[in-house]
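Notes follow the structure.
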Amino acid sequence: MTPEKLPQRFVVLEGPIGVGKTTLATKLASSLSAELVLDRAEVNPFLERFYRNPRAGALPAQLYFLFQRAQQLAGLKQHDMFAPLRVADYLIDKDRLFARATLDDEEYRLYEQVYAKLAIEAPKPDLVLYLQAPVEVLLARIGRRGIQYEQFIDRGYLERLNDAYARFFHGYDAAPLLIVNAAAIDPANNDEDYEELLAAMRRLRRGRLYYNPMRHAAL
């Protein structure tokens, strides 16, 4: 597979924790010879504190992510004219989504003031893949990958995030949107699933498409 076989120059994957964004983004970037842009949650020094005690750790964890993402995306924007094919595992919009789900009202007002001061100008995606999966699937995948601090994530938190993502993408129209049933397929590890997903990505130039292959629906 060569980059020319995919018409988009900037592809973004989104979805809740455990849905497989980073694994799939890494495979796409490798097979398409694309630049990989990762969120790098593992370097956030406040993340484990947040998972252990959400009320104590939410604001510093969120502000760290905001500054990290703003800096990374500003660098991409500056070099956008000469950009190769890029695959990212996050939208900057997720920052506000997570902030609203984790911060109390006073913290969120402070967060919004900081966000406005940053005046973030992120490159616009040519295609967004929204990966969906039930909470049971997310919890199972989080457990299997065995990242220690993630084991403190509770079901209620994932339910809130799943709901927040569903509401956000219900009205999303900033880029072509491919909504993927990530519980029904495994494109990161199954070559047939991967090739079918690539075909769907190539077809989608505008609007939105719900991707749920029928050969999996009966399983």
Completion exercise
Separation between CZ (Arg202) and CG (Leu127), nearest 0.5 Å, reads 12.0 Å

Exercise for the section: Determine which pairs satisfy salt bridge (charged side-chain N to carboxylate O under 4.0 Å, His left out) with at least one residue from residues 166-183, sequence neighbours left out, and list them in order. Expected result: none

Exercise for the section: Report the C-alpha separation of Leu66 and Ile120 in whole Å, then their side-chain angles, then the decisive distance to 0.1 Å, and conclude whether the side-chain contact (heavy atoms from CB on, under 4.5 Å) test is met. Expected result: CA-CA 10 Å; Leu66 177 60; Ile120 300 168; 3.8 Å; yes

Handout entry: Any side-chain heavy-atom pair of Val135 and Asn162 under 4.5 Å
Key = yes

Practice task
Flag the pair Tyr90 / Val37 as yes when at least one side-chain heavy-atom distance between them is below 4.5 Å, and no otherwise.
Solution key: yes

Problem - Any side-chain heavy-atom pair of Asn212 and Ile179 under 4.5 Å - result: no

Fill in the blank from the handout: Between Ala61 and Phe50 the two heavy atoms that sit nearest each other are CB-CB, 4.2 Å

Problem - Test item: Ser30 side-chain N/O and Thr26 main-chain N/O as donor-acceptor pair under 3.5 Å - result: no

Fill in the blank from the handout: Smallest heavy-atom separation, Ala183 atom then Val137 atom, equals CB-CG2, 4.1 Å

Problem - Working for side-chain contact (heavy atoms from CB on, under 4.5 Å), residues Leu118 and Phe67 - result: CA-CA 8 Å; Leu118 289 176; Phe67 291 129; 3.9 Å; yes

Problem - salt bridge (charged side-chain N to carboxylate O under 4.0 Å, His left out) pairs, two or more places apart, involving residues 133-152 - result: Glu136-Arg155, Arg145-Glu150

Problem - Within 6.0 angstrom of Gln151 CD, more than 12 heavy atoms from elsewhere - result: yes

Problem - Check: Asp39 main-chain N/O paired with Asp89 side-chain donor or acceptor under 3.5 Å - result: yes

Problem - Minimum heavy-atom distance between Pro176 and Arg205, given as atom pair plus value - result: CG-O, 3.4 Å

Problem - Criterion side-chain contact (heavy atoms from CB on, under 4.5 Å) on Ile142 and Leu158, from CA distance to verdict - result: CA-CA 11 Å; Ile142 289 169; Leu158 286 178; 3.9 Å; yes

Practice task
Would you check if Asp191 and Glu196 make a side-chain contact, meaning some heavy-atom pair closer than 4.5 Å?
Solution key: no

Completion exercise
Residue pairs passing the salt bridge (charged side-chain N to carboxylate O under 4.0 Å, His left out) test with at least one member in residues 46-65, sequence neighbours excluded, are Glu48-Arg52, Arg55-Asp104, Arg55-Glu107

Handout entry: Backbone N/O of Arg9 and side chain of Asp126: donor-acceptor pair under 3.5 Å
Key = yes

Problem - Backbone N/O of Leu204 and side chain of Gln8: donor-acceptor pair under 3.5 Å - result: yes

Handout entry: Those residues that, when tested against Tyr111, pass side chain to side chain donor-acceptor pair (under 3.5 Å) (two or more places apart)
Key = Asp95

Practice task
Considering only NZ, NE, NH1 and NH2 on the basic side and carboxylate oxygens on the acidic side, decide whether Arg69 and Asp93 come within less than 4.0 Å.
Solution key: no

Exercise for the section: Please check if Tyr115 and Tyr64 belong to a single hydrophobic cluster, counting links between Ile, Leu, Val, Met, Phe, Trp and Tyr side chain heavy atoms closer than 4.5 Å. Expected result: no

Practice task
Just jot down the side chain to side chain contact (heavy atoms under 4.5 Å, CB included) partners of Ala200, sequence neighbours excluded, or say none.
Solution key: Leu178, Arg203, Leu209, Tyr211

Completion exercise
Applying ring-ring contact (aromatic ring centres under 6.0 Å, His included) to Phe168 and not counting sequence neighbours gives Tyr172

Exercise for the section: Classify the angle between the aromatic ring planes of Phe98 and Tyr157 as parallel (below 30°), tilted (30 to 60°) or perpendicular (above 60°). Expected result: perpendicular

Exercise for the section: Taking all heavy atoms of Ala182 and all of Val19, pick out the closest pair and write down the distance. Expected result: CB-CG2, 3.8 Å

Handout entry: Lys21 side chain vs Leu131 backbone, donor-acceptor pair below 3.5 Å
Key = no

Practice task
With rounding to the nearest 0.5 Å, note down the distance linking CG in Leu198 to CG in Asp193.
Solution key: 11.5 Å

Problem - Gap separating the CG atom of Leu28 from the OG1 atom of Thr23, nearest 0.5 angstrom - result: 11.0 Å

Practice task
Show your working on side-chain contact (heavy atoms from CB on, under 4.5 Å) between Phe65 and Leu47 and close with a plain yes or no.
Solution key: CA-CA 9 Å; Phe65 274 131; Leu47 195 56; 3.9 Å; yes

Problem - Greater than 12 external heavy atoms within 6.0 Å of Gln71's CD - result: no

Exercise for the section: Would you indicate whether Glu42, at its atom CD, is surrounded by more than 12 heavy atoms from other residues, nucleotides or ligands within a distance under 6.0 Å? Expected result: yes

Problem - Min side-chain heavy-atom separation Leu197-Leu24 under 4.5 Å - result: yes

Exercise for the section: To the nearest 0.5 Å, tell me how far Arg160 CZ sits from Thr102 OG1. Expected result: 8.5 Å

Handout entry: Gap separating the CG atom of Leu177 from the CZ atom of Phe169, nearest 0.5 angstrom
Key = 6.0 Å

Exercise for the section: Measure from the side-chain N and O atoms of Gln72 to the backbone N and O of Leu38, and report whether any donor-acceptor pair falls under 3.5 Å. Expected result: yes

Exercise for the section: Identify the two heavy atoms, one from Leu13 and one from Ala25, that lie closest to each other, and give their separation to 0.1 Å. Expected result: CD2-N, 3.7 Å

Exercise for the section: Supply the atom-to-atom distance Leu129 CG to Leu91 CG, rounded to the nearest 0.5 angstrom. Expected result: 10.5 Å

Practice task
Taking the side chain as every heavy atom from C-beta outward, state whether Phe10 and Lys124 have any pair of such atoms under 4.5 Å apart.
Solution key: no

